[in-house]
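Heavy-atom basis, side chains included; hydrogens, waters and symmetry copies ignored. Model, not experiment: these values are computed from the prediction.
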Amino acid sequence: MNYVFPPPPVTSVPVLGTESRFPVHRIYCVGRNYEDHAREMGFTGREPPFFFLKPADALVLAATDEPALLPYPSLTQDLHHEVELVVAIGEGGGNIAAADAPKHIFGYAVGLDMTRRDLQGEMKKQGRPWCIGKGFDASAPITPITPAGQALDVARAAIWLKVNGEERQRSHVAQLIWSVGEVIEHLSRAWQLVPGDLIYTGTPAGVGAVRPGDLLEGGVDGLAPLRLRIV
């Protein structure tokens with residue numbers, strides 16, 4: 001096949017403990033999926049889940065030894081961290097029942113939904129899409145994927161984030177408003193999920209700003225930890 005220019009390489013994420021890589025199709029993100037975070041953003045209750053997307057090439061591999069480097073993005077003065085459990089889809093489908101969701105999961109990772117909060121807020125005020133606040137370059141750091149069979153009890157795991165050694169976010173995956181299975185059920189009604197999809201499942205309370213030089217360390221118990229520095 002002749003292309004007018006060379007196509008970009010396939011975006012992929014390492015699989016922990018192997019030489020294999022997980023090719024990425026789409027990145028789905030769940031908004032306001034921890035009750036404490038919903039409250040801090042001015043919302044309450046178990047509202048129907050809503051979703052937004054990030055481009056696959058927004059991924060940045062967050063090293064587990066030496067910190068990865070994350071460039072401070074343009075156009076913002078208010079870059080926020082949001083630590084999240086990421087679900088990697090290994091078997092696709094539509095209209096997947098929550099009870100059947102586990103068989104569609106290849107593995108799990110720790111991710112950050114980096115957010116240009118000032119730009120997002122301005123778009124919200126104007127009633128406009130806020131892709132510019134969420135879907136920018138390098139906005140989706142992620143750790144290597146731990147296969148589901150090697151992960152501990154993710155549904156009850158602690159999730160946390162530190163900035164420069166100070167804890168900013170801490171909760172448990174069990175505090176998700178919509179569980180992983182329910183998220184997959186809702187998503188698969190709206191989109192046909194395929195192998196290679198990633199789902200960022202939401203962040204707990206404590207989101208806040210970071211600056212160049214800050215060291216971010218985060219984790220979900222039982223998964224490879226995340227380390228990166230803002231530059």
(request) Please test Ile142 against Val110 for side-chain contact (heavy atoms from CB on, under 4.5 Å), starting from the C-alpha separation and ending with a verdict. (result) CA-CA 6 Å; Ile142 191 171; Val110 183; over 6 Å; no
(message) To the nearest 0.5 Å, what is the distance between CH2 on Trp130 and CZ on Arg117?
(response) 9.0 Å
(message) When you compare the side chain of Leu216 with that of Ile230, does any pair of heavy atoms fall below 4.5 Å?
(response) yes
(request) Check for a donor-acceptor pair, side chain of Asn33 on one end and backbone N or O of Trp178 on the other, with a separation under 3.5 Å. (result) yes
(request) Would you check if Leu198 and Tyr28 make a side-chain contact, meaning some heavy-atom pair closer than 4.5 Å? (result) no
(message) For Pro225 versus Thr143, what's the shortest heavy-atom pair and its separation?
(response) O-CG2, 3.4 Å
(message) Can you confirm whether Tyr200 sits close enough to Val87 that some side-chain heavy atom of one is under 4.5 Å from a side-chain heavy atom of the other?
(response) no
(message) Please check this pair: side chain of Ser171 against backbone of Ile159, looking for a donor-acceptor N/O pair closer than 3.5 Å.
(response) no
(request) Write down the atom of Ala101, the atom of Gly181, and the distance for their closest heavy-atom approach. (result) CB-CA, 3.7 Å
(message) Under 4.0 Å between a side-chain nitrogen and a carboxylate oxygen: does that hold for Glu82 and Arg168?
(response) no
(message) Under the side chain to side chain donor-acceptor pair (under 3.5 Å) test against Thr203, which residue among Gln169, His81, Glu84 passes?
(response) Gln169
(message) Can you tell whether the side chains of Lys54 and Asp113 come within less than 4.0 Å, N to carboxylate O?
(response) yes
(request) Output the distance between atom CD1 (Ile132) and atom CG (Leu119), rounded to the nearest 0.5 Å. (result) 5.0 Å
(request) Specify the closest pair of heavy atoms between Val210 and Tyr72, including all atoms of both residues, with the distance to one decimal. (result) O-CE1, 3.4 Å
(message) Check for me, please, whether Ile177 and Val173 land in the same ILVMFWY cluster - side-chain distances under 4.5 Å, paths through other members count.
(response) yes
(message) Working to the nearest 0.5 angstrom, can you tell me the gap between Cys131 SG and Phe136 CZ?
(response) 12.0 Å
(message) With no hydrogens and no angle check, just 3.5 Å: does a side-chain donor-acceptor pair link Thr76 and Arg116?
(response) no
(message) Taking the basic N atoms (NZ, or NE/NH1/NH2) and the acidic carboxylate oxygens, is any pair closer than 4.0 Å for Arg227 and Glu217?
(response) yes
(message) Strictly distance-based, threshold 3.5 Å: is any side-chain N or O of Asp221 a donor or acceptor partner for the main-chain N or O of Ala157?
(response) no
(message) Using only atom types and a distance under 3.5 Å, with no angle test, would you say the side chain of Gln126 pairs donor to acceptor with the backbone of Met123?
(response) no
(request) Working to the nearest 0.5 Å, report the span between CG of Leu223 and OG1 of Thr146. (result) 4.5 Å
For residues 91-100, run the donor-acceptor check on the side chains, cut-off 3.5 Å, and write out each pair with its distance to 0.1 Å, sequence neighbours left out.
none

(message) Do Val24 and Ile199 sit in one hydrophobic cluster, given that two such residues count as connected whenever their side-chain heavy atoms are within less than 4.5 Å of each other, even indirectly?
(response) no
(request) Give the C-alpha distance, both sets of side-chain angles, the deciding distance and a yes or no for side-chain contact (heavy atoms from CB on, under 4.5 Å) between Leu112 and Leu228. (result) CA-CA 10 Å; Leu112 288 174; Leu228 60 82; 3.7 Å; yes
(request) Check the surroundings of atom CG in Asp137: do more than 12 heavy atoms from other residues, nucleotides or ligands lie under 6.0 Å from it? (result) no
(message) So that I can tick it off, tell me whether Arg211 and Asp214 are bridged by a salt bridge, with the cut-off set at under 4.0 angstrom between side-chain N and carboxylate O.
(response) no
(request) Verify the cluster assignment for Leu59 and Leu193: are they in a single hydrophobic cluster under the rule of side-chain heavy atoms below 4.5 Å apart? (result) no
(request) Tell me whether Val83 is reachable from Leu61 by hopping between hydrophobic residues (I, L, V, M, F, W, Y) whose side-chain heavy atoms are closer than 4.5 Å. (result) no
(message) Please check: side-chain N/O of Ser139 versus main-chain N/O of Ala58, any donor-acceptor pairing under 3.5 Å?
(response) no
(request) Would you mind reporting whether Val86 and Thr201 have side-chain heavy atoms less than 4.5 Å apart? (result) no
(request) Indicate the atoms forming the closest heavy-atom contact of Ser12 with Pro23, along with that distance. (result) CB-CA, 4.0 Å
(request) Check whether any side-chain N or O of Arg26 sits under 3.5 Å from a backbone N or O of Asp197 as a donor-acceptor pair, and report yes or no. (result) no
(request) For the residue pair Trp160 and Val220, establish whether any side-chain heavy-atom pair is separated by less than 4.5 Å. (result) no
(message) Quick check: closest heavy atoms across Tyr34 and Gly202, and the distance to 0.1 Å?
(response) CE1-O, 3.3 Å
(message) How close do Pro144 and Ala109 get, counting heavy atoms only, and between which atoms?
(response) O-CB, 3.9 Å
(message) What's the separation between atom CZ in Phe52 and atom NZ in Lys134, rounded to the nearest 0.5 Å?
(response) 4.0 Å
(message) I want to check something: taking the side chain as every heavy atom from C-beta on, are Pro73 and Leu79 in contact at a cut-off of under 4.5 Å?
(response) yes
(request) Start with the C-alpha gap between Val194 and Ile89, add the side-chain angles, then the distance that decides, and say whether side-chain contact (heavy atoms from CB on, under 4.5 Å) holds. (result) CA-CA 7 Å; Val194 304; Ile89 297 296; over 6 Å; no
(request) Can you measure from CD (Glu66) to CZ (Arg229) and round to the nearest 0.5 angstrom? (result) 9.5 Å
(message) Check whether Asp118 reaches the backbone of Gln77 with its side chain - one donor and one acceptor, N or O, closer than 3.5 Å.
(response) yes
(message) Grouping I, L, V, M, F, W and Y whenever their side-chain heavy atoms are under 4.5 Å apart, do Tyr108 and Val15 come out in a common cluster?
(response) no
(message) Counting C-beta onward and ignoring hydrogens, is there a side-chain heavy-atom pair between Glu185 and Arg189 closer than 4.5 Å?
(response) yes
(request) Measure the shortest side-chain to side-chain distance between Ile145 and Leu16 over non-hydrogen atoms and say whether it is less than 4.5 angstrom. (result) no
(message) Pair Ile105, Val180 - check side-chain contact (heavy atoms from CB on, under 4.5 Å), show working.
(response) CA-CA 10 Å; Ile105 297 173; Val180 168; 3.9 Å; yes
